Every structure is written in C-alpha cells, then in structure tokens.
Amino acid sequence: MTCGLPYANGDLHVGHLRTYVGGDTFARALRTLGQEVAFVSGSDMHGTPVAVNAWQEGVSPEAFALRHHERYEGIFPRFDVDFDNYGHTRTDANVELTQSFVHSLDEAGYVYDEEIEVAWDPEEEQALPDRYVEGACPYCGAHARGDECDEGCGRHLEPGEIEDPTSVVTGNPAEYRTRSHKFFRLSEFREYLGEFIARLDGTSNARNQPHEWIEGELQDWCITRDLDWGIPYPGEEELMLYVWVDAPIEYVASTKEFAESSESTGDDDSPTSDGSAEGAGESFDWERAWAEDGELVHVIGRDIIQHHAVFWPAMLRGVGYNEPRAILASGFVNLDGKAFSTSRDRAVWADDYLAEGFDPDLYRYYVVTATGFQQDTDFSWDRFQERVNSELVGALGNFVYRSLLFAHRTYEGTPESELSTTVRERIEAAIEDFEESVNEYSVRAIGRAPVELAAFGNEYIQRNEPWKLVDEDPDRAAQVIRDCVQLVKAIGVLAAPVMPGTAARLWEQLGESGSIGEITLDAALEAPPETFDAPTELFERIEDGRVAELNEELQVRIEDATSEPGTGAASADADAQEGGEENVDTEAEPAATADEADLEPIVEERIGFEEFQDLDLRVGRIERAEPIEDSDELVRLEVDIGVETRGVVAGLKRLHDTDSLPGQKVVIVANMEKAELFGVESNGMVLAAGEEADLLTTHDDASPGTRVH
RNA sequence: AGCGGGAUGGGAUAGCCAGGAGAUUCCGGCGGGCUCAUAACCCGCAGACCGGUGGUUCAAAUCCACCUCCCGCUACCA
C-alpha cells in the first residue's frame, strides 16, 4: 500500500492529511484481517517548483527539499500515520531504481528522441522549463507562468505558447530553442490501459476519470526536462527525468528500503514490523510484492488520478511489474466550500491542530467518517466538535466508560457468565460488516464500525438496566455486564484502524496484555481479562467556548486570505503574491478571452451613498487625441470638463481609431489622483466598459462639466 | 467544449455499482424515560413527493435519455 508522495514544498494542512489518514486506516484494517502489508510513501523532492523556490530563498534545492522532507517525516507519526518506510525520491534506492526502470523501458523500445521547442535564457545559456518562464497569456493577456495562466483564465499552457517570455530567475527575455528530449511511447499502451482501467478497484473516480484520455488521443509522454535538479536520464547526463517518472518509482524504492531494514533488524518489536501473524520474523519480499503475486493499492488525492491510472500503470507494464489492483482517490477538504490555499494561509495546518493539543484520533475519526472517501468535504470546527462530542464522547467513550466502570465496581473485572447469543451475533455481524467494508474499499465504513457497535451497546445496557438487576437478579446482571465488556473489547478491535491511540488505551484499560496493533478481528470474540482496574474517560468533550475561539482565529485568517487589499492594488503587488492558487479576486483588468466573456461577480460589499459621493464624475468632451509613442495602448486625450481642459491618458489605442475620438462625449473621474504613464501626466480617468473599452457617454445634451450622479 | 464528481427532511450525510416493505446516521426542534455513565444514555413525535422532465419495469432515490445548478480535471505543474 502506498500513499501519494507529498511534494517537498510547503506545509501540510489537514486537507493533505486526509489521504494519509485514510491510507493508514485502510492499511491497519487490512492487517486486522490478517494480511501482510507494507505501507510506504516518501517525499517528492524534484521538479521545477522546488528548484525555483529554493533559488528564491537562496538555498540549494537539495537543502530546501530535505528541510520539508524532514518536517513531513516528523508530522505523520504524530497523526499515527505509521509508514513502514518513509523515504524520498533522492535516496540511492530511488535513483538506482528509477534509472533501471528507465533503462528497461529504453531497452524494450518504449522510448524515442524527439526535438521540441524549449524556452531558453540566452545570456545564462540555460533552459527555462515550465515555471522558469513567465509572460503574457496568449488567451487572455494576463500575467502567467510558463505552464499555466495562473492569474487569468487558468488555462494550461504548452511550452512555446506564452508571449513575451522572460526568465523567472534572471528577468532576461527568453527565446525558444530546439532541443532533443525523450518520449515514452504511452500510445502503445492504449489497449492495455483500456483493459486495466476496467478491472481497477477502488474509488469510482479513479476508474472513470481516465476514460477521456485512454479512449481519446493518448499522446506519448515527454519524460525529460532541461533542468539541473532531478535524476539524470541514464547515459545522457544533461537531460533530467521528469519528476513524474521518478516519483511513483519511489513507491517501489520505499518498499525495497523497508524490506532491507526489516532484514537487518530482523524481528524487532516496533509497531510497524508486525505484518501478519504468520510472517513474523521474515523480511518483507519487495520483489514479490511488486513483480510477483503482490497486490498494489495506491491511495492518492483526486488531483493526481491521471498519473496513477495512466502513466504509472503503463510504466509498470513496460518493465513487467504488477499493475495496481486498486486506486483510492480522495476528495478535497475545503473551507466553506472553497479550496485550502497553502500560499495564502487559508488553511488549518497540521501543526496548528497538534499545537491545540487535540488527540490525533479525533481528526482521524472526523475526516475518515465525514463523507465517502472520494467526496469533497468541508472542514469546520463546529462540525468537528459536534461529531466528537456526540459520537466519540457520547456514544463510544461513554459506553466504554460506563461498562468498564460498572464491571470494575461490581465485579472487579469481567463477571463470570457466558456471552449471550444476542450479543455474540451482533459482534459477528459487526465483524462481517467490517470485512465487507474493507473489501469494498470503504474507508468511511471502516471508521464508523466502532461507533455503530457502541451505539448498540448503549441501547443494550439501557434496555437491560443492569444497575437495577444487580439487586433484583444478580445472574442476569452478570450476564448483561459480561456482554457489555465483550462489546467494549470488540469496539477496541474495530477502532484500532481508525483510532489506534484510543484503541490502545482501551486495550490497556481492559487489562489486555498484547499490543492492539497486532491483533486480528477474531480477538473481538475472545474472552476479556477476568480483572481490570477502574477505567478513565477515553475522550474529553470539546466545549463551546473553545470552538468559538478556534472559529475566530480561523475566520481572521480566511478573511486575510480572501480579501486582497482592495484599493489601489497595483499589478506590481500582484506579482509579489507568488503562486496564488484559486484566486477569485484577481485584478479587474484583463479577464475575458476573445471567445468567452466571463462576467465578474458583483462585489458583495455594499457602499454607502457618501462613499459614492467621493467620486467626482463629470461629463467631458474629447477635444484632441494623440497616441503616445512607444506605447501599444495609451492615448493622450485633452478633455474639456467645463471649468477646464484636462490632459488624460487612456488605454484606447488598440481599440479606437485615434482620429475618431475628438468630439466624443465621455464620462471621466475628475478627482482621480494624478498619475504619470509613459512620462505623460494623466489628470483624470476616462470610464469605459469591458475589454473593448466601450466608452461611457451621455445620450442627451449634458454639457461638459456636468456632474454625474 | 469534453470528461469526472455531486444535487436526498432545517443543516450535514448514507443508500445508488448487484431496482422491491414510503429511505441511514449525526446535529437541531418537540415530548417522555433513566440515573451505571463526561447534563452523558435510552424511547417516542414532527419534518424529505430522494435537483427537473421523460422512459424502462409488476416495482426506481437506485437503471436509461435529456435538462438545470454546484465543484473539479483536461498530459509535458506537483
């Protein structure tokens, strides 16, 4: 089992965590079914964003990526996401394995050379891949990165498409050069991929989304870049492999590292080496897993489905490895329906959650059971509190506590009595449901299992009222409490995958000796220990005041992230806001493309009449118009506004014939602050609508100087 | 534009793949009960014509077609 590699660039937020918690829960669930599992992942170290960001920080890409890698490596265990091995894509294991993969593909004839155009910095004699170039979007004109129009229309841009390209690093104008690159014959796998996708298990989005690609035009895949940072193409040291080649191979490399470490340490007692009951002491056979009869399960975010359901299986096929049996593609975690934004601090960070002192199990339970794994979901502290208090504190924690406390006080442990048929059957049904949930890859159902059994427990104890039976019918009382203790034990078994820490505490309270991480489902029906101490509560209620504070903190951050300064945010500022993601409020300037005029949403914030009055709008008549030299857009106008004639600069040159302007009436902002554009003073602003600069005018005979309101 | 995901009582969700007793669970509302339990727990009531329109069927939230509205993806960004 693998989890998608976190990219070594930025912090982890609770949205990222969903994939890892889901994967970890599923991996643990498989183990409780007695399966031998290697659960691996690692950090993705290569690629242009790391190189660019490292450059901007003035550190080496290696140091930059390693720093993030180490943070990730530290955070996962704190959420009880226990990988058997967590490596990264720059380890010797991955470099070697990647090169041998590529070598095999090359040998087998799946790779060919082709010349393509790449952006080039002529002064530095350096290629400028992807995000190393910026310029103007050819579709909407907005400022854009080399690979994507990130601030404007959002389109993906092919190399060579961007206009007026310049280097992000040096600011030099870029030119295009022809370079030879390596292409993987993905198109040859089309038929295979069609069959593969049909038998792929997991979430439906992973199976369905690639249809368009596989059944459409499956293009060959360029697998090299002109970049200093990456794994070299074997035999051609100046070409680096594209990150999406070496990233998934890390799954294999990480498994291999796990195998090697389990070999050297033998049968240690770390919680990660338990594997299966019968495999104790043996090292993990990574080649068997990947190339023989192993089953591969990939847990990813739904944004990288194509890489795992198209590129990756083709590569695996090309080198003769197994194909993935299942892909679980998780939905996103949003805030108020909108995506988290790492760069804008619009997120609940993993570190913050831990700093609040919350038990990781609370979030694990919340995110795993909030909705189906592939569905998007909102994170909110209110919902978090609601679910924790009612389901974890009220149902599960309460049932366990009241049962064990009663048992301890009255019997000093498990009373001597047979398990009733009713309860036995109920637990058997829960086990069966649990197994079915795993087989259906329903992480949500796996997470709900312990709480559902606890709900039954509460009903059961309430209906039988053992506190009355103790006097009235001691045998019956013992029977009921015996049942309840058994239910508690079963709940512990079922809770272990989703809430390992809680399950371990429960196990201890029950007086069980072994580690709950090593038990299988049948333990749910085995007799509990005869004696145990008084229990303590498994969870604490989250109080309203606490939630109010958390909401407030978060709200402040969201508002900061969402509302840009608002006034006078020049585009120079926008440039400084590197790498913004979804971005509702881009500058009003160029928004629409020629064929699709997206209307901007109406600004929600209302203004008062007084604020409107601050605008001094006047009717003016253009007296003279002359183009400004060297400028593509600007025209200098002389506008009669009654009291005086103003010199106003406006961006009308491309859209209006300069000669046709004189005599036209327009509306101008008369109290606009003065500006200097191309060395020409502009004393006022002409109003015009949209991309076409459709000039505002009056239709009767309002004379120049008339106020508009 | 194509593709994917979604639209279920006031809010949040399950069920849909394998169609069948007028639909799950959590919160909220109303009314009871219990007192072993973290004002926790249990029971009952009100509340949904399962986005719209057609179709298939003895039977559709579930299958098919078309439509509307959200969210996302569209390969050389990760």
Side-chain angles (χ1 to χ4, degrees), chain A residues 4-10 44 46-50 52 116 129-131 145-148 150 155-159 181 183-184 186 203-213 215-225 242-244 247 301-307 310-311 329 331-332 334 337-339 369-372 374-378 380 382-383 385-387 389-391 393-395 397-407 409-410 440 442 444-445 448 451-452 455 457-463 465-468 470 481 484 535-541 579 582 596:
Chain A
L5 310 185
Y7 193 57
N9 173 28
D44 186 2
H46 301 306
T48 37
V50 160
V52 171
I116 56 167
D130 310 322
R131 294 188 186 181
R145 293 196 306 236
D147 56 350
E148 177 191 12
D150 56 332
R155 275 176 218 242
H156 168 80
L157 302 178
E158 293 292 312
H181 275 271
F183 279 75
F184 174 55
L186 188 61
T203 52
S204 64
N205 53 355
R207 195 164 36 252
N208 294 331
Q209 197 163 291
H211 277 150
E212 185 182 19
W213 280 26
E215 283 154 23
E217 233 184 312
L218 196 57
Q219 300 164 30
D220 287 340
W221 185 35
C222 183
I223 54 169
T224 51
R225 293 290 183 280
Y242 177 43
V243 280
W244 271 113
R302 69 174 163 80
D303 50 339
I304 51 174
I305 288 174
Q306 318 287 14
H307 303 88
V310 182
F311 298 146
F332 294 141
N334 295 322
K338 280 188 282 182
T369 59
T371 186
Q374 70 170 317
Q375 248 62 270
D376 285 359
T377 184
D378 269 349
S380 92
D382 287 314
R383 291 278 299 149
Q385 177 201 29
E386 201 175 288
R387 303 282 312 284
N389 286 354
S390 67
E391 293 166 38
V393 178
N398 182 233
F399 175 68
V400 169
Y401 186 63
R402 73 200 293 202
S403 298
L404 296 189
L405 189 63
F406 199 103
R409 279 183 188 159
T410 315
E440 291 180 347
S442 177
R444 180 179 196 267
R448 286 193 55 79
V451 171
E452 278 171 6
N458 276 320
E459 279 173 46
Y460 186 76
I461 196 170
Q462 190 73 38
R463 203 167 46 233
E465 299 183 307
W467 47 92
K468 284 185 183 165
V470 172
I481 292 303
C484 288
T536 53
E537 292 93 336
L538 291 173
F539 306 102
E540 273 174 37
R541 274 183 71 80
E582 54 9 281
E596 150 189 70

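Throughout, a chain's letter reflects where its sequence line sits, starting with A, and its residues are numbered from 1. Owing to the predicted nature of the structure, the values given are computational and were not obtained by experimental measurement. Heavy atoms only: backbone and side chains are in, while hydrogens, waters and symmetry mates are out.
- Atom C1' of nucleotide B/A75 and atom CD1 of A/I116 are separated by 13 Å, given to the nearest angstrom.
- Between A/W244 and B/A78 there is a side-chain polar atom (N or O) within less than 4.0 angstrom of OP1 or OP2.
- The backbone N or O of A/D378 lies less than 3.5 Å from no partner atom in the side chain of A/N334, so there is not a single donor-acceptor pair.
- Of the possible donor and acceptor atoms, none in the side chain of A/Y242 sits under 3.5 Å from a partner among the backbone N and O of A/G47.
- At B/G5, one or more side-chain N or O atoms of A/N208 fall inside 4.0 Å of OP1 or OP2 (strictly under the cut-off).
- Nucleotides of RNA chain B nearest to A/R541 and A/R448 differ in position, and the one nearer the 5' end is that of A/R448.
- Considering only side-chain atoms of A/F406, the nucleotide from B/G2, B/U38, B/C36 that sits closest is B/C36.
- Applying the 6.0 Å contact sphere to CD of A/Q375 captures more than 12 heavy atoms from other residues, nucleotides or ligands.
- Taking atom CD on A/Q374 and atom P on B/G4, their separation rounds to 13 Å, with Å as the unit.
- Distance check on atom P: B/A23 versus B/A48 gives 11 Å, rounded to whole Å.
- Spacing between atom CG of A/N334 and atom P of B/C70 amounts to 16 Å, rounded to whole angstrom units.
- Taking atom C1' in both B/C50 and B/C16, one finds a spacing of 11 Å when rounded to whole Å.
- Note: CH2 (A/W213) to C1' (B/A75) measures 3 Å, nearest angstrom.
- If you look at A/F311 and A/W221, their ring centroids are closer than 6.0 Å.
- Here the side chain of A/R409 is nearest to one of B/C36, B/C41, B/A78, namely B/C36.
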Decide side-chain contact (heavy atoms from CB on, under 4.5 Å) for A/V50 and A/D44; before the verdict, give the C-alpha distance in whole Å, the side-chain angles of both, and the deciding distance to 0.1 Å.
CA-CA 10 Å; A/V50 160; A/D44 186 2; over 6 Å; no

Write out a two-atom table: protein N or O, nucleotide N or O from nucleotides 14-17 of chain B, distance below 3.5 Å.
unit_1	atom_1	unit_2	atom_2	d
B/A14	OP1	A/T371	OG1	2.8
B/A14	OP1	A/G372	N	2.8

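- A donor-acceptor pair is defined here as one N or O able to donate and one able to accept, closer than 3.5 Å; no such pair exists between the side chain of A/N389 and the backbone of A/R541.
- Of the candidates B/C73, B/A78, B/C26, B/C26 carries the atom nearest the A/E386 side chain, counting heavy atoms from C-beta on.
- Look at A/Y401 and you'll find a side-chain N or O under 4.0 angstrom from OP1 or OP2 of B/U38.
- A donor and an acceptor atom, one from each side chain of A/T203 and A/N205, are located under 3.5 Å apart.
- Residue-level contact check: A/D303 touches the bases, meaning some heavy atom is under 4.0 Å from a base atom.
- The CD-P distance, from A/E459 to B/C26, rounds to 9 Å in whole Å.
- Taking atom CZ of residue A/R402 and atom P of nucleotide B/A39, one finds them 12 Å apart after rounding to whole Å.
- Listed nucleotides B/C36, B/C26, B/A78 differ in distance to A/S390; the shortest reach to its side chain belongs to B/C26.
- Nucleotide B/G31 forms a pair with B/C43, judged by Watson-Crick or G-U wobble geometry with both contacts under 3.5 Å.
- One C1' atom belongs to B/G15, the other to B/U25, and the distance between them is 11 Å to the nearest Å.
- Straight-line distance from the CD1 atom of A/I305 to the C1' atom of B/C71: 14 Å, rounded to whole Å.
- Minimum atom distance to the side chain of A/F539 is reached by B/U38, of the listed B/G11, B/A78, B/U38.
- Comparing the same atom, C1', in B/C17 and in B/C64 gives a spacing of 15 Å after rounding to whole Å.
- Contacts of A/F399 with the nucleic acid, taken as non-hydrogen atoms under 4.0 Å apart, are absent.
- For the OP1/OP2 pair of B/C42 and a distance below 4.0 Å, the side-chain nitrogens and oxygens of A/Y460 include no atom meeting the criterion.
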Polar atoms only, N or O, under 3.5 Å: list the protein pairs with nucleotides 60-62 of chain B and their distances.
none

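- With P as the reference atom, B/C26 and B/A40 are 15 Å apart, rounded to whole Å.
- Spacing between atom CZ of A/R387 and atom P of B/G28 amounts to 13 Å, rounded to whole angstrom units.
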What does nucleotides 30-35 of chain B look like as a protein-contact string, B for base, S for sugar-phosphate only, - for none, at under 4.0 angstrom between heavy atoms?
---BSS

